[in-house]
Chemist: 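My structure is below; once you've seen it, I'll send some questions.
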Amino acid sequence: MRAGRNDVPRRRSGRVKATALAAALAGHALAGAPALAQDAASTLPVVWVLATGGTIAGGGASSTSLTEYRAGAFTGAELVSALPALGRHATIRVEQVANVGSPNITFDDWLALATRIDAIFRDDPDAAGVVVTHGTNTLEETAYFLNLTVRHDRPVVLVGAQRPATAISADGPLNLLNAVRAAASPEARGKGVLVVLNDEINAARDVTKTSTYRLETFRTPDLGFLGYVDGDRVAFYREPTRRHTADSEFDLTGVTAFPRVDIAYSYVEPNPVLIEALIEDGVDGIVLAGTGAGIVSRRERAALERVAGLPVDARPIIVRSNRTGSGRVVPLPAYDQLGMVAGDTLNPQKARILLMLALTKTRDVDEIRRMFREY
Ligand code: ASP
């Protein structure tokens with residue numbers, strides 16, 4: 001476990017003790033529900049909770065501190081023990097992987113999570129699933145990374161919250177309960193990494209954060225969410241069709257660092273110096289957040305044409321994504337002939353992750369195009 005890193009400086013008067021969290025949650029209807037003993041004789045499914053921080057573990061100065069608080073103020077163990085209703089659904093085992101706001105999640109955290117989840121599924125035959133508590137800002141990125149790198153078909157569910165744990169009407173406790181129920185659900189098996197907030201189950205590949213403060217922030221544009229977690233049961237209505245988890249070809253064995261891939265955002269009169277600086281800096285790949293269907297301006301194109309002239313080994317792979325928030329980016333001859341890859345429906349931050357993983361295996365553009373069709 002790493003010491004917590006602060007996102008918002010903790011004010012002395014704003015110190016919140018774990019006991020305050022337990023006290024705040026003790027009055028909660030769900031927390032008050034009878035909990036079953038979590039002992040070795042329990043026949044409940046085992047769910048591991050791997051905690052990384054975020055608002056779900058956030059603490060503010062008062063119950064109305066909704067926008068100023070410290071992410072990662074509580075440990076996963078504290079969140080779990082403040083929610084005895086979890087014991088009605090699963091035997092919980094908790095571990096702390098990090099305790100940060102999710103803008104500060106690192107590639108090392110991703111490697112630690114993927115490695116630990118694989119080890120849990122390998123070594124604990126009783127483990128029904130894993131829940132990862134995470135800040136919402138980059139939750140979709142961690143979810144998609146794990147969707148491509150965890151090598152088992154048992155459920156991995158990412159969960160966060162929009163309001164800190166100390167807030168009036170905090171959403172974290174119910175989100176955590178629902179995530180554990182989803183992870184314990186046999187129906188969740190084989191559906192890839194899932195994101196559960198606001199009673200809705202989304203697929204890691206397609207979900208994105210769409211709102212700064214609203215509880216219904218996680219949306220899957222065009223394709224829709226997979227199901228609900230309601231009072232009666234965990235109900236699925238559809239499942240992802242793209243390759244993931246047990247069917248993924250990406251293998252982290254021996255991987256300690258990732259190829260460098262950055263994102264360039266398009267707009268009216270863009271400054272091509274940004275793309276040129278990335279190329280000059282020796283990046284391995286660039287994702288373009290193009291306008292419309294992944295279109296770039298003449299200015300950017302001139303910089304990208306110079307890339308096509310570089311020796312193959314020194315040439316970053318360019319993926320076209322887009323800034324619209326939904327829809328496909330399809331191959332187009334004018335871009336394909338410059339060696340670019342069409343990013344399909346992946347948003348720029350997800351396209352970046354697939355390109356990073358692709359580049360751990362190959363620099364062959366046709367192979368990378370295949371991966372963007374399959375994942
Ligand atoms: N700042 C927080 C984070 O991403 C927001 C959240 O947790 O929702 O960690």
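Order of appearance sets the numbers: ligands from 1, and atoms from 1 within every ligand.
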Chemist: For ligand 1, which atoms have a heavy atom of G54 less than 4.0 angstrom away?
Modeler: 7 (O), 9 (O)
Chemist: Going by atom types only, do T55 and Q162 share a side-chain donor-acceptor pair under 3.5 Å?
Modeler: no
Chemist: Heavy atom to atom 9 (O) of ligand 1, shortest distance: which of P103, G172, A161, S102 holds it?
Modeler: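 Ranked by closest heavy atom to atom 9 (O) of ligand 1, first place is S102.
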Chemist: Should T136 be counted as touching ligand 1, given the test is an N or O pair under 3.5 Å?
Modeler: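 In this structure, T136 places an N or O atom under 3.5 Å from an N or O of ligand 1.
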Chemist: If I apply the N/O under 3.5 Å rule, does T138 come out as touching ligand 1?
Modeler: no
Chemist: Looking at the rings of F218 and F225, which for Trp means the six-membered one, are their centres under 6.0 Å apart?
Modeler: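 No, the ring of F218 stays outside the 6.0 Å limit from the ring of F225, centre to centre.
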Chemist: Using side-chain hydrogen bond (donor to acceptor under 3.5 Å, both in side chains) as the criterion, point out the one residue from D206, N147, T345, D344 that pairs with R242.
Modeler: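 Among D206, N147, T345, D344, the one that satisfies the side-chain hydrogen bond (donor to acceptor under 3.5 Å, both in side chains) with R242 is D344.
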Chemist: For the ring pair F145 and F258, is the centre-to-centre distance below 6.0 Å?
Modeler: yes
Chemist: May I ask whether G72 places a heavy atom under 4.0 Å from ligand 1?
Modeler: no
Chemist: With heavy atoms of T55 as the reference, note each atom of ligand 1 found under 4.0 Å away.
Modeler: 2 (C), 5 (C), 6 (C), 7 (O), 8 (O)
Chemist: Which pairs, with at least one residue in residues 221-230 and sequence neighbours excluded, count as a side-chain hydrogen bond (donor to acceptor under 3.5 Å, both in side chains)?
Modeler: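 Of all non-adjacent pairs touching residues 221-230, none passes side-chain hydrogen bond (donor to acceptor under 3.5 Å, both in side chains).
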Chemist: Looking at G101, which atoms of ligand 1 are within less than 4.0 Å of one of its heavy atoms?
Modeler: 9 (O)
Chemist: Give yes if a backbone or side-chain nitrogen or oxygen of Q162 is under 3.5 Å from a nitrogen or oxygen of ligand 1, and no if not.
Modeler: no
Chemist: Mark yes when over 12 heavy atoms from residues, nucleotides or ligands other than E305 sit less than 6.0 Å from its CD; otherwise mark no.
Modeler: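 Enclosed.
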